[in-house]
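The structure under discussion appears below in the form of structure tokens.
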Amino acid sequence: MSPKQDPARVRFAPSPTGFLHIGGARTALYDYLLARQSGGSFILRIEDTDQKRYQESAESDFKDALYWLGLVPDEGPDQGGSCSPYRQSLRKGIYQDHAEQLINNGNAFYCFCTPEQLNQVREDQMKRKETPHYDGTCRNLSHEQAAERIQAGESYVIRFKSPQSGKTIVRDLLRGEITVDNSNLDDMILIKSSGLAVYHLAAMVDDHLMGITHVIRGSEWLPTFPIHALIFRALGWQEPIWVHLSVFLKPDGKGKMSKRDTELAQEKGLPIFVKDMDKMGYLPESVINWIALMGWSFDDKTEFFTIDDLIEKFSLEKLNPSPAAINFSKLDHFNGLHIRNLSPEDFAARIKPWFENAGFIVEENKLLQIANAIQTRTKKLTEVVDMAGFFFKEDIDLVIDRIISDKLNATQAAEAAHKITQLFQNLEVIDLETAEQPLRDIAVDLEIKAGQLFGLLREILTGQKVSPPIFDIIPILGREKVLSRLENALGIFQNLSM
RNA sequence: GCCCCCAUCGUCUAGGGGACCAGGACAUAACCCUUUCAAGGUUAAGACCGGAGUUCGAAUCUCCGUGGGGGCACCA
């Protein structure tokens, strides 16, 4: 794509603790785009170092969601790769080796403080209105002392030995240099007492070992960003390009989507999780387009993007660091756009299962015609059954209350149905050309508005107030069904007028 | 409380010192088209958080406020 760019190796590294939501999907998308446009690799890595929060179902949900969106990894648990394994729980030894290395070069230390002690320290600090942080009890234990206590069977963790004075300067691609006072840095735990690494070590080691060139992650990592850079430096590694994406805010722009907000949004039927998008009638193309534009833009007018457009036009530099509120109605808009962008054949294929799930037998020859008739008026696939179910039904129910009113009584309706029937019976071909004017003449005859007559005919043929244009419907329905529905309606109207 | 980040229409955004009485999109309203509903077209309303600087000139640079967000776990 762009020859000046070196192949990027980027990873999407979710923690299997829940479903993939639009925030995660957007990160994965940017990863994917960067990989594709640079001829690099998109890697999926499962960060399952927290056995307590691990959810069996989460991993398959991530994969399903990613696949549905079309973001298929080049390397990962399923496809393997030169950096296997891609599941952190399987890389325990690797992290331990590196933690040891850090201890040996004086950048980490064994800590024997118990959780109870640490809690006490934290409480005291809070009482004194200090920022809770590790108090350094074990920081200066000698190798011998530490070895002895380990020998004695004491439980321990390994902590990073953060510098206590001076400043650390790190560089985020979107924000530039960020400077922090080292006195604010905590001695983060690297290896838990279980022997498993925590994110701070595991992710850094993996990112280096897997040759990750760009770390794209959420801005919730900004506070610990300096620690991460320091770990890279302590190991003598070259840092990747760091990119911290903005968070998504609630639709009103006030506050991040909390767990409760997420539940609330779900109750309201708002699309939060990728797994729900399909059954809510959204196209993966639309979801991609939508999330791509939340925090990124191409220029001042282009908004419609296919995945190929995005691969071509995406650039990290145009990412926006400020938090963004989610605009759900825009997804509907994009969905309409992408539906209309589909070829009629493609659209037909996508609506077919909806009709089948509604219990209709779908005739292929009709399907394409139906697709043509409804494509420009569907915004979500969920609507197609309501909109076009009448094509498949044997009989339709007329909503009399909607048809008969002070403007049109039953006698008039019956008369109209009768005249339309006669007209259609005499017509070899019923279409816009042959039937429109005669229908208008009938309206004049009956002293009703043409619109009224067409509305009546629409109700008779579809049982609906709104539908695709009548002359689009008739050839699909077929002469027989048209006439039988007219006959049926005529009977009902006559009954009513007696 | 402490640390870090962010700040243009209701929302997503363009803008990177003069091209801006600030452009686009969604949503809203009106009109046109029209056999309904869409689609399409036209139009309306709607924003540079505040204050100091720097400069001939600031939405754009600096500082201070304010507001919003994130973080402060043997979670990621």
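Quantities reported herein were computed from a predicted structural model and do not represent experimental measurements.
- Looking only at atom types and distance, the side chain of A:Arg233 has no donor-acceptor partner in the side chain of A:Thr168 under 3.5 Å away.
- Taking the six-membered ring for Trp, A:Phe232 and A:Trp242 have ring centres closer than 6.0 Å.
- Spacing of C1' atoms, B:rU54 relative to B:rU11, comes out at 34 Å, to the nearest Å.
- For an aromatic pair to be called close, the ring centres must be under 6.0 Å apart, and A:Trp296 with A:Tyr30 fails this.
- When the C1' atom is compared between B:rC4 and B:rA27, the two are found 34 Å apart, to the nearest whole Å.
- The ring of A:Trp290 has its center no closer than 6.0 angstrom to the ring center of A:Tyr282.
- Note on A:Thr131: a base of the nucleic acid sits closer than 4.0 angstrom, heavy atoms only.
- Summarising the geometry, atom CG belonging to A:Asp206 is positioned 13.0 Å from atom CZ belonging to A:Arg87; distances are rounded to the nearest 0.5 Å.
- Close to B:rC75, at under 4.0 Å from its OP1 or OP2, lies a side-chain N or O of A:Lys52.
- Ring-centre distance between A:His21 and A:Phe248: not below the 6.0 Å cut-off.
- B:rG53 sits 12 Å from B:rG57 when the P atoms are compared, rounded to a whole Å.
- Nucleic acid contact class of A:Trp296 (heavy atoms, under 4.0 Å, all strands): none.
- Note on A:Ala324: only backbone sugar-phosphate atoms sit closer than 4.0 angstrom, heavy atoms only; bases stay farther off.
- A salt bridge is absent between A:Glu123 and A:Lys127; no separation between the charged side-chain nitrogens and carboxylate oxygens falls under 4.0 Å.
- With a 3.5 Å ceiling on both atom-pair distances, the Watson-Crick or G-U wobble partner of B:rG18 is B:rC56.
- Residue contacts for A:Phe298: at a heavy-atom cut-off of 4.0 Å it reaches no nucleic acid atom on any strand shown.
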Worksheet item: What string of B, S and - do you get for nucleotides 36-51 of chain B, 5' to 3', when a contact is any protein heavy atom under 4.0 Å?
Response: BBBSS-----------
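- Contacts of A:Ser329 with the nucleic acid, taken as non-hydrogen atoms under 4.0 Å apart, involve only primed sugar atoms and P, OP1 or OP2.
- Closest approach to the A:Arg53 side chain among B:rG23, B:rC5, B:rA76 is made by B:rA76 (side chain taken as heavy atoms from C-beta onward).
- Between A:Phe160 and A:His200, a ring centre-to-centre spacing not shorter than 6.0 Å is recorded.
- One P atom belongs to B:rG1, the other to B:rC63, and the distance between them is 23 Å to the nearest Å.
- Looking at heavy-atom distances under 4.0 Å, A:Arg175 makes contact with sugar-phosphate atoms alone, never a base.
- Among the heavy atoms of the strands lying under 4.0 Å from A:Ile178 are primed sugar atoms or P, OP1, OP2 only; no base atom is included.
- Taking atom C1' on both B:rC12 and B:rG46, the two are 15 Å apart, rounded to the nearest angstrom.
- When Watson-Crick and G-U wobble pairs are counted only if both distances are under 3.5 Å, B:rC31 pairs with B:rG41.
- For B:rG15, one of the phosphate oxygens OP1 or OP2 lies less than 4.0 angstrom from a side-chain nitrogen or oxygen of A:Lys318.
- Rounded to whole Å, the C1' atom of B:rG23 lies 27 Å from the corresponding atom of B:rU62.
- Between the NZ atom of A:Lys92 and the C1' atom of B:rC74 there is a distance of 13 Å, given to the nearest Å.
- Annotation: B:rG18 and B:rA58 have their C1' atoms spaced 9 Å apart (nearest Å).
- Checking the phosphate oxygens (OP1, OP2) of B:rU35, a side-chain nitrogen or oxygen of A:Arg440 falls inside 4.0 Å.
- Of the P atoms belonging to B:rA59 and B:rG50, the separation is 11 Å, rounded to the nearest Å.
- If you check every strand for non-hydrogen atoms under 4.0 Å, A:Lys330 touches a base.
- An OP1 or OP2 oxygen of B:rA14 is reached within less than 4.0 angstrom by a side-chain nitrogen or oxygen of A:Asn320.
- Rounded to a whole Å, the CG atom of A:Asp300 is 14 Å from the C1' atom of B:rU8.
- Regarding contacts with the backbone of B:rA14, a side-chain N or O of A:Ser297 is found under 4.0 angstrom from either OP1 or OP2.
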